[in-house]
Amino acid sequence: MWRWLHPYAKPEATYRLNKKLLPWFAWPGVVLLAVGLVWGLVFAPADYQQGDSYRIIFIHVPSAMWAMGFYVGMAVAALIAVVWQIRTAEWALMAIAPVGAVLTFISLFTGAIWGHPMWGTWWIWDARLTSQLILLFLYLGVMALYVAFEDQRTGAKAAGILAMVGVINIPIIHYSVYWWNTLHQGSTITQMVTRLEAPTMPAEMLWPLLVNLFGFLGVCAALVIMRLNNEILRREVRRPWAIAILKGGQ
Amino acid sequence: MAQSAALLEARQVTSVRGERTLFEDLNLAVHPGHLYQIEGPNGAGKSSLLRIIAGLLQPLSGDILYKGELRQHVRREFLQDLLFIGHKAAVKPELTALENLQFFAATQGQPCAEPPFELLAQLGLVGLEDVPAANLSAGQQRRIALARLWVSSAALWILDEPFTSLDVAGIALLHQRFDAHLQAGGAIILTSHQPLDWAGRSLVRLQLEYSW
Amino acid sequence: MAQSAALLEARQVTSVRGERTLFEDLNLAVHPGHLYQIEGPNGAGKSSLLRIIAGLLQPLSGDILYKGELRQHVRREFLQDLLFIGHKAAVKPELTALENLQFFAATQGQPCAEPPFELLAQLGLVGLEDVPAANLSAGQQRRIALARLWVSSAALWILDEPFTSLDVAGIALLHQRFDAHLQAGGAIILTSHQPLDWAGRSLVRLQLEYSW
Amino acid sequence: MARVSNTTLLLQLIRRDLRVALRQRSEFLNPIIFLLVVITLFPLAVGPAADTLARIAPGVIWVSALLSAMLGLERMFRDDFRDGALEHMLLLPCPVELAVLGKVIVHWLLTALPLLLISPLLALLLSLPMQALPILIVTLLLGTPVLSAVGAIGVALTVSLNRGGALLSLLLLPLLIPLLIFATAALEAATYNLSAAGPLAMMAAFLVLALGLSPLAVKAALQVSVN
Amino acid sequence: MARVSNTTLLLQLIRRDLRVALRQRSEFLNPIIFLLVVITLFPLAVGPAADTLARIAPGVIWVSALLSAMLGLERMFRDDFRDGALEHMLLLPCPVELAVLGKVIVHWLLTALPLLLISPLLALLLSLPMQALPILIVTLLLGTPVLSAVGAIGVALTVSLNRGGALLSLLLLPLLIPLLIFATAALEAATYNLSAAGPLAMMAAFLVLALGLSPLAVKAALQVSVN
Ligand code: HEM
Ligand SMILES: Nc1ncnc2c1ncn2[C@@H]1O[C@H](COP(=O)(O)OP(=O)(O)OP(=O)(O)O)[C@@H](O)[C@H]1O
Ligand SMILES: Nc1ncnc2c1ncn2[C@@H]1O[C@H](COP(=O)(O)OP(=O)(O)OP(=O)(O)O)[C@@H](O)[C@H]1O
Ligand SMILES: [Mg+2]
Ligand SMILES: [Mg+2]
């Protein structure tokens, strides 16, 4: 039943598929992000309580959400890599990890900056904040394990096993806000999108946020695809098809 | 040598480690009653081949068949019939010769009701039963590892440089044991840099090149 | 052989390990230009003797003299003049061949200004410079350990089973190196279970019994 | 080609590992000593006020359990890897998962059992209210096997690396943090005489998950490491 | 028979051991992340109240120091013993004490230095009052070398086999507890703006004693172990 995956698992096929996909992520991503950021940071109305400091939400929320999303993506790649022994999935795993880690770091950093005016402290051991920190540790663990191995295939497999095991933390991070009483905001956005009739957030704020959300996705996915393609070329330098591409500059 | 009689077969096995191809499309049929000596320079891939056959190492491609069936399909039968002693001999340095031996015997399905003193005597370990293996000489530790050959009922032995550290008497003893095993219809695959002084046609030599 | 010419002397050395007396009142004079092969069955005490000479093991009684003086009185001179390679070869599995070699060279007072590629080539380790020793074959690891013989300026070599895991070419190479060292006025003490094919009278054999 | 039953193999493995460990006393004493040092340290650090102590007691006990498990983990496969016993284990005629289970059991016996035995003492030292003691023991019973089982994954991944304990802990602690959170939540509830059923149920779920899945992950990890 | 200076040998030993420990450049981050993870455990376990955290902060930081020291200790001589590097070290043409000092320095660099580097961050995370930070750093500077030096004795004793194990623990325990008491006393004094000179002086005395005596003891222990 997984046979359909195999044609794409050949590095060359993946490379070509990626080449086709890249513009579909990169350009919309850049445009959405530009629009969303300008809209959010400049044009959206100031919050009646928080003034302008709330604007950091346009970076904070997308990065926080995709930090988790990319982790799941990484775990799926890991599953494919470990179970079906597909090399391109191993490379995808390692292409995703640093991007996810940076997203996590951005969310932590922006959260901390936001927390200073809002809660009067840079950091607090609140469940969500802590669990996001743990997510960062998970990413770092996967990356550290990968580089620790001399043989990169072995490293990728080991990192993949760890990534899969770590998935159990994702629901915990997401539900942390419900399970513990915390300072941090609940999932307003998710609720809002599912219950559009009773918005808890003004539309002028929601829309740029959504635009940013997809902008982040596009740009980060494009980054991942580019990293993956670089990796494929690097690993396959000696193959004729890669040589042709490198020479032809296509 | 009828195809069906092979105890074990390696088919088109290719192994790559690091960036080097150790061997490509290697075929090997192991028949009962025969001793296979893998030869080749250091780093040729002898140990790798043994580990691939045992299932410790994944080859890049190729299959290992045990009694005509894919090894991974009959894993348990295969392992019950296999005795593997590698460079690292799995002798626990904290345990005494006796304890090591009893553990090996039990995992081979031959639990020792009473301590196998005779075997220890044969191996020259008498009087040292209570000494932890770490406090024995290199050759004595090797003898503990090889003691497994006497408590095992496996048909297929895979031995990586079994003669290391052994003195002349030890090597002779090992040869005797090999003989008995082959007589009983077993098969042996081993590596050794020393030529085996082995009379008779039951010795098959396989040369691995150091390819780059 | 004039007494004064001895590089090293063991006088009336007795060693007891556990409850066994390995040897009693053993005397040995090591002269420049000679190779001493200690022989004996497993557990006879060959390694123990080498370790006593090197100073790693305390004998029950007896003295070791270096150039006529008690070894412990001239510890530093003695150690500067000694190269000891035991069963465990002190090759760090995490480091590459090159790094191991550079460390050895530096501790021998022969820091390598540039990587000793020639030596690596001679030892058949070319192309594997960047591989951690743990990922090398048994014989290749042994070669790294023995590479010390080429970067050392010590006069006295003590080698415990140096031929272990080496292929035929490796053994030949080692013999060459031994020859050069003896020619240059060095001395070698080694153990080996394989007979050394060593022409000439510079070989002295010492038989240790397994006493009980 | 004698048949050996799975149970025999499991028992033999456990017996051998216990023998090895008990011969090297430091192996199982070190975690306990560490535990005692940590537990004595906190009253010294925060002062002897019983209420503060009681407040931090659950956390301190659990963090110490976690860290001392960590100390014992290093050994789980490393020595075996070095002397070839690991390969021997992979070639035993039984499912690798079973042998892994044996390792986990041994680790638990060596690190968690002593902790369980001295837990009343620890509770006393940290002025934990007596009504919380049964809950403490229950959380330890439910949680420590998870430590051993999840820990095994980390060790199996890192055995061939020969890296410091820092990498291992870096991999494992994030995985174990949820356990810590639920355990301390249960204990806190117990201290205030509330029901601890919720967190305990979560811990039980973790236990089932860990015992079920970890042998699989460990097997995969070991095969990668030995390769 | 070339002469090699003591300094060269010491530097070479340190360099090699650092290389072994830090195969990749990025690896030197591992201990730091590890410490962050360990520190994270405590607020999770005892609750986020800033005043409680500040109270236990000295204890937490010292427990982490102890843990990372213990995790690193095992490595200090054991691997060297197993692969023969220890014998090689004993046969270097320099005083054994010097080589031991090299080992202690490496251990300190790998386990204590990262802690020192991130101690300001830890203080922040644990809401330690800012005026206590310099004292924290001083206690770490004085105390962590003692951990490394005394730890070395224990490992050297246990490295060959059995016996020493219990000894290590017995040795470490009575030594560590006073160290921790003085360290936390100093920190507490600092938190309340009192003078910390007394406990610090005691720690300095420990340091001098440990650095002076430990190489001798380690040398003796190693010679016994290798024998
Ligand atoms: C370092 C500090 C912070 C961290 C680590 C953090 C982490 C997160 C995470 C992980 C999410 C995504 C939740 C999910 O999708 O399930 C999130 C969303 C959010 N955060 Fe933060 N946060 C921090 C600080 C703050 C601060 C100070 C505020 C404002 C008071 C804030 C407001 C929000 C909001 C409004 C959302 C969107 C919630 C939703 O609708 O799902 N965060 N944050
Ligand atoms: N670390 C040790 N502690 C105590 N006794 C030991 C130790 N190592 C060896 N022995 C004892 O000393 C005796 C001699 O050992 P030694 O290693 O010197 O033998 P050997 O001649 O080198 O043997 P081989 O040929 O096997 O290497 C052995 O019988 C052993 O029991
Ligand atoms: N653990 C490993 N990881 C990666 N590569 C390895 C590993 N072990 C060995 N190799 C590589 O595989 C090649 C073959 O090694 P192998 O151990 O099979 O050789 P061998 O024929 O047994 O040599 P020897 O006679 O020295 O024992 C070596 O050149 C080595 O570089
Ligand atoms: Mg080999
Ligand atoms: Mg010997």
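Within every chain, numbering begins at 1; the chains are lettered A, B, ... in the order of the sequence lines, protein sequences first and strands thereafter. Every value quoted in this text rests on a predicted model; they were computed, and no experiment measured them.
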Asks: With a 4.5 angstrom heavy-atom cut-off, could you sort out which part of B/F78 is near chain D: side chain, backbone, both or neither?
Replies: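 Contact with chain D involves no heavy atom of B/F78 at all.
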
Asks: May I ask you to decide if the ring planes of D/F182 and D/F206 are parallel, tilted or perpendicular, using 30° and 60° as cut-offs?
Replies: perpendicular

Asks: Dump the intermediate steps for side chain to side chain contact (heavy atoms under 4.5 Å, CB included) on D/V138 and D/M203, then the final yes or no.
Replies: CA-CA 10 Å; D/V138 173; D/M203 290 186 76; over 6 Å; no

Asks: Which atom names give the shortest non-hydrogen contact between B/L136 and B/V131, and what distance separates them?
Replies: CD2-CG1, 4.1 Å

Asks: Heavy-atom pairs under 4.5 Å with chain B are the metric here; pick the option from D/L90, D/L92, D/L91, D/L9 that has the most.
Replies: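 Looking at each of D/L90, D/L92, D/L91, D/L9 in turn, D/L91 comes out on top.
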
Asks: Does any backbone or side-chain atom of D/L86 lie under 4.5 Å from a heavy atom of chain B? Answer side chain, backbone, both or neither.
Replies: neither

Asks: Think B/K88 forms a cation-pi with D/F81, using NZ or CZ under 6.0 Å from the six-ring centre and within 45 degrees of its axis?
Replies: yes

Asks: So for D/N6, is it side chain, backbone, both, or neither that comes closer than 4.5 Å to the heavy atoms of chain B?
Replies: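 For D/N6, the contact with chain B is made by backbone and side chain together.
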
Asks: Anything under 30° is parallel, anything over 60° is perpendicular, the rest tilted; go ahead and classify B/Y36 against B/H34.
Replies: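 Because their plane-to-plane angle lies in the 30° to 60° range, the rings of B/Y36 and B/H34 count as tilted.
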
Asks: Name the region of B/A106, side chain, backbone, both or neither, that has any atom closer than 4.5 Å to a heavy atom of chain D.
Replies: both

